[in-house]
Amino acid sequence: MLKLYDAEVSSRLLLGTALYPSPSIMAGAVKASGTQVVTVSLRREAAGGKSGGQFWELIQALGARVLPNTAGCHSVKEAITTARMARDVFGTSWIKLEIIGNHDTLQPDVFGLVEAARILVQEGFEVFPYTTDDLVVAERLLEAGCKLLMPWCAPIGSARGPQNIDTLRSLRGHFPDVPLIVDAGIGRPSHAAAVMELGYDAVLLNTAVAKAGDPVAMARAFAKAVEAGREALLAGLLEPRDMAVPSTPVIGMAVFS
Ligand SMILES: CC(=O)[C@@H](O)[C@H](O)COP(=O)(O)O
């Protein structure tokens, strides 16, 4: 089981609910993924109107825990206001804290992130910070009171997969007891399996499923990949070797002349 603040979940796949071709396909993908945590953007809900209300009803019917996010925020002030509104709208103290620092790469503003995290933790929020894979920023977020971290592995929506395996490995090594969830940039089930094999606790993704040819089937594929990566890690992965090592015993082999 994976502990996320007060909740224990068995699925290590967290899923976003945006960008699907239709709400019913989104619901099908969420079910097929087996996820127990879905991210929801307050901005969509706050838009209200027909689709906003229906969408929220659909999300509630899925039975997954809701992780509201501050997607689209570019400043500490904006993120804090959005988080406070999300707490009222969704009735949860969980918040996926996202402050965008660069328009082109959607890279998190890590300075604003640490500042906003500190304020929100003091206000009783349980913060899921969307961050880079920077070690020092990770330390600052933990000092600010975050109990888990969500580093990117590539820019949001890029589907590039892990861009810097060594940095991700180093982050994992430095914080063996902190839940680490790779968030953003995962494009394929093999990417998800790779970060799970590194020892990451879970994966959060959206675009790769929502924009797939068949989102429901892709959600199922990601669920299997996340489980496979976790199972492989627990089974004890071999370290890569420089030289060939015969896999068939040679000692005692019969010699034919
Ligand atoms: C869904 C979410 O909250 C975001 O963090 C983001 O959309 C995830 O990134 P990908 O869309 O690249 O999977």
Side-chain angles (χ1 to χ4, degrees), residues 4 11-21 23 25-27 29-30 33 35-46 55 59 62 64-74 79 82-83 86 90 92 94-110 113 116-117 125-133 141 146 148-164 168 179-196 200-212 215 218-219 221-223 225-226 229:
L4 303 172
S11 167
R12 290 170 181 269
L13 174 58
L14 287 69
L15 208 57
T17 54
L19 302 176
Y20 290 83
I25 293 177
M26 180 276 291
V30 168
S33 73
T35 187
Q36 291 158 290
V37 179
V38 292
T39 63
V40 177
S41 164
L42 173 74
R43 290 181 170 229
R44 176 175 193 148
E45 288 310 303
F55 182 79
I59 295 281
L62 292 170
R65 180 112 184 206
V66 171
L67 174 58
N69 68 39
T70 64
C73 292
H74 289 78
T82 305
F90 298 109
T92 174
W94 279 14
I95 190 74
K96 192 196 141 192
L97 183 59
E98 187 174 316
I99 302 179
I100 299 302
N102 181 276
H103 286 283
D104 296 330
T105 61
L106 299 181
Q107 182 161 341
D109 168 358
V110 293
L113 186 67
F125 282 91
E126 293 169 310
V127 178
F128 292 60
Y130 163 60
T131 182
T132 62
D133 48 12
L141 287 167
C146 297
L148 55 80
L149 301 170
M150 302 215 295
W152 69 351
C153 77
I156 294 174
S158 70
R160 285 195 213 156
Q163 295 298 288
N164 198 337
L168 287 175
L180 296 181
I181 302 168
V182 167
D183 172 15
I186 297 269
R188 295 167 180 230
S190 56
H191 298 156
V195 296
M196 293 304 290
Y200 276 74
D201 295 285
V203 164
L204 194 168
L205 57 96
N206 191 156
T207 310
V209 168
K211 291 293 194 185
M218 189 59 82
F222 267 105
V226 168

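Every value quoted in this text rests on a predicted model; they were computed, and no experiment measured them. In listed order, ligands and their atoms are each counted from 1.
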Open item on the list: Can you pull out every salt bridge (charged side-chain N to carboxylate O under 4.0 Å, His left out) where at least one residue sits in residues 179-195? Sequence neighbours excluded, please.
Closed with: Lys96-Asp183
Task: Set of residues that line ligand 1, where lining means a heavy atom lies under 4.0 Å from it - done: Gly16, Thr39, Asn69, Lys96, Glu98, Ile156, Gly157, Asp183, Ala184, Gly185, Leu204, Leu205, Asn206, Thr207
- [ ] Measure the spacing between CG of Leu97 and CZ of Phe125 and express it to the nearest 0.5 Å.
- [x] 10.0 Å
- [ ] Mind checking the CH2-CG spacing from Trp152 to Leu106? Nearest 0.5 Å is all I need.
- [x] 8.5 Å
Open item on the list: Using modelled atom types and a 3.5 Å cut-off, is there a donor and acceptor pairing between side-chain atoms of Thr35 and backbone atoms of Leu13?
Closed with: yes
- [ ] Answer yes or no: is there a side-chain heavy-atom contact under 4.5 Å between Cys153 and Ile186?
- [x] yes
Task: Identified side-chain contact (heavy atoms from CB on, under 4.5 Å) counterpart of Pro215 within the set Ile25, Val30, Leu19 - done: Ile25
